[in-house]
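By convention here, the first residue in the shown sequence is residue 1. Order of appearance sets the numbers: ligands from 1, and atoms from 1 within every ligand.
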Amino acid sequence: MSEEKKIPYKIYLEEQEMPTSWYNVRADMKNKPAPLMNPGTHQPLTKEELAPIFCEELVDQELNDTDAYIEIPEEIRNFYKMYRPSPLVRAYCLEEKLGTPAKIYYKFEGNNTSGSHKLNSAIAQAYYAKKQGLKGVTTETGAGQWGTALSMACSYFDLDCKVYMVKVSYEQKPFRREVMRTYGATVTPSPSMTTEIGKKILAEHPGTTGSLGCAISEAVEVATQNEGYRYVLGSVLNQVLLHQSIIGLETKAALDKYGIDPDIIIGCAGGGSNLGGLIAPFMGEKLRGEKDYRIIAVEPASCPSFTRGVFAYDFCDTGMICPLAKMYTLGSSFIPSANHAGGLRFHGMSTTLSQLYHDGLMEATAVEQTAVFEAAEQFARIEGILPAPESSHAIRVAIDEALKCKETGEEKTIVFGLTGTGYFDMVAYERFHDGEMTDYIPTDEDLAKGFAGIPKFPGNEF
Ligand SMILES: *Cc1c(COP(=O)(O)O)cnc(C)c1O
């Protein structure tokens, strides 16, 4: 116990201890994630095919399965220094309140204006776009964190930023929109009449409140139709997981400083970028046979890609214009029930995490949103931070695991990713407080409809 007391509430790294390279977990994977596929030819996408959509260096990163370390350019490291390292917090107060012998740590990524980890990749993607001499970038945003992060990054590098925001969020979160406009971005509710695909979706589903899949289709269309623009994505892609490895590398460096070895690492999973980043160096050790950890992905029961999806090639977007990715998916036409408030709405999952999960190297669990908001509120009251609903999925499972330790008396060390703050999610909190929040778990029939839309071709049986 006296030993324990030496661990501070917050473990920070010194500037000179910050990582200078990102870690690419694919280099250590025996079974590499399946490559992105051309939906027309069913052949792996080449650099040439990806170049009209994505920035050149990001394409290289996307396709790089061999280099374990990729240097972080100095310009990006300098930007990171403005808001990083992020603290690794020992949740002493939460442990005490729960009466658990478990030791709980969380890596807090909400200490920047965008309020989440998304800035870690936004600044990298904006940097490479600038370096290539582009005019601007287009993207989609769901809850708004990614759009905000990208707006900040683009204004820093003086790039134009066009954001397609899922309509339901656009309406529920007008202040998010204004933050983006403060940083100079143009924000359009999606689906919109500004794109061909948006018009088509609106004709087929009048009154739809949109989905990430629709917004992606629109943003890609605008990027490919406008000279000097490329599309950027805030999650799912290998390059994004690579940039987010900064989270895991810092976490590991902070733990190593105090000789702490985690038993369980927990993160919420939407498209998989924060989780992929947090676990990267730990998964690397696991893959190389050096250490073992329990790694748990937490997803909403209303959008359960890992736990109830199928592992198959599928479109990343509703408009079916994007490449195919082999991933755990609910089908690109799957849209979570309208009462779902907790983010993490994407129908698919990172190909890297999908492969790791398929190979039994990590676990996944799904939680219901009322239980998530209970955990969020409990955490806010004890640890002070008002968490994002997405992050609260990880809090839920961290608390549950700590309570299991209370029963068994095991002193496990639990690390979880607290990806962001929830100040713009007060409509969801309001519904929770007013007792209006319900849990809708899709039925097997609901899911079957989504699966029916997954492309069928030889080799893509599921
Ligand atoms: C976007 C977001 C997530 C989920 O995205 P991943 O790519 O799965 O990490 C989680 N938490 C917050 C706060 C987010 O903004």
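Here the protein heavy atom with the shortest distance to atom 11 (N) of ligand 1 is Thr419 OG1, 2.6 Å.
For atom 4 (C) of ligand 1, the nearest non-hydrogen atom from the set Leu275, Leu344, Leu353, Leu212 belongs to Leu344.
For ligand 1, the polar-atom distance check against Val236 finds no nitrogen or oxygen pair separated by under 3.5 Å. The shortest N or O to N or O distance between Gly271 and ligand 1 is under 3.5 Å. By the 3.5 Å distance cut-off applied to N or O atoms, Ser391 is not counted among the residues near ligand 1.
Between Lys131 and Glu75, no side-chain nitrogen of the basic residue sits less than 4.0 Å from a carboxylate oxygen of the acidic one, so the salt-bridge criterion is not met. By the 4.0 Å N-to-carboxylate-O rule, Lys291 lies close enough to Asp261 to be salt-bridged with it.
The contact set between ligand 1 and Gly270, taken as ligand atoms under 4.0 Å from a residue heavy atom, comprises 8 (O). The Cys268 neighbourhood of ligand 1 comprises atoms 10 (C), with distances under 4.0 Å to a heavy atom of that residue. Taking every heavy atom of Glu390 and a limit of under 4.0 angstrom, the matching atoms of ligand 1 come to 10 (C), 11 (N), 12 (C). Atoms of ligand 1 found under 4.0 Å from any heavy atom of Lys118, numbered from 1 in the order shown, are 1 (C), 2 (C), 3 (C), 14 (C), 15 (O). Here is the list of ligand 1 atoms found below 4.0 Å of a heavy atom in Ser235: 6 (P), 7 (O). The contact set between ligand 1 and Ser116, taken as ligand atoms under 4.0 Å from a residue heavy atom, comprises 13 (C), 15 (O).
Contact annotation: for His117 versus ligand 1, heavy atoms closer than 4.0 Å belong to the side chain alone. Within the 4.0 Å heavy-atom criterion, both parts of Ser273, backbone and side chain, lie near ligand 1. Contacts between Ala269 and ligand 1 below 4.0 angstrom, taking non-hydrogen atoms only, involve the backbone exclusively. Heavy atoms of Val240 found under 4.0 angstrom from ligand 1: none, in either backbone or side chain.
Using cut-offs of 30° and 60° on the angle between ring planes, the pair Tyr69 and Tyr23 is tilted. By the 30° and 60° cut-offs, the orientation of the rings of Tyr328 relative to Phe306 is tilted.
Less than 6.0 angstrom separates the ring centroid of Phe379 from the ring centroid of Tyr106. The ring of Tyr92 has its center closer than 6.0 angstrom to the ring center of Tyr9.
Counted by atom type alone, Glu218 and Ser190 present one or more donor-acceptor pairs between their side chains at under 3.5 Å. Gln125 and His243 share no donor-acceptor pair across their side chains, judged by distance under 3.5 Å alone.
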**Message:** side-chain hydrogen bond (donor to acceptor under 3.5 Å, both in side chains), that's the test. Do Thr148 and Ser114 meet it? Break it down for me.
**Reply:** CA-CA 5 Å; Thr148 311; Ser114 81; over 6 Å; no
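Under the 4.0 angstrom criterion for non-hydrogen atoms, Gln244 is not in contact with ligand 1.
Partner of Tyr164 under the side-chain hydrogen bond (donor to acceptor under 3.5 Å, both in side chains) criterion, chosen from Thr188, Thr138, Thr194, Thr186: Thr194.
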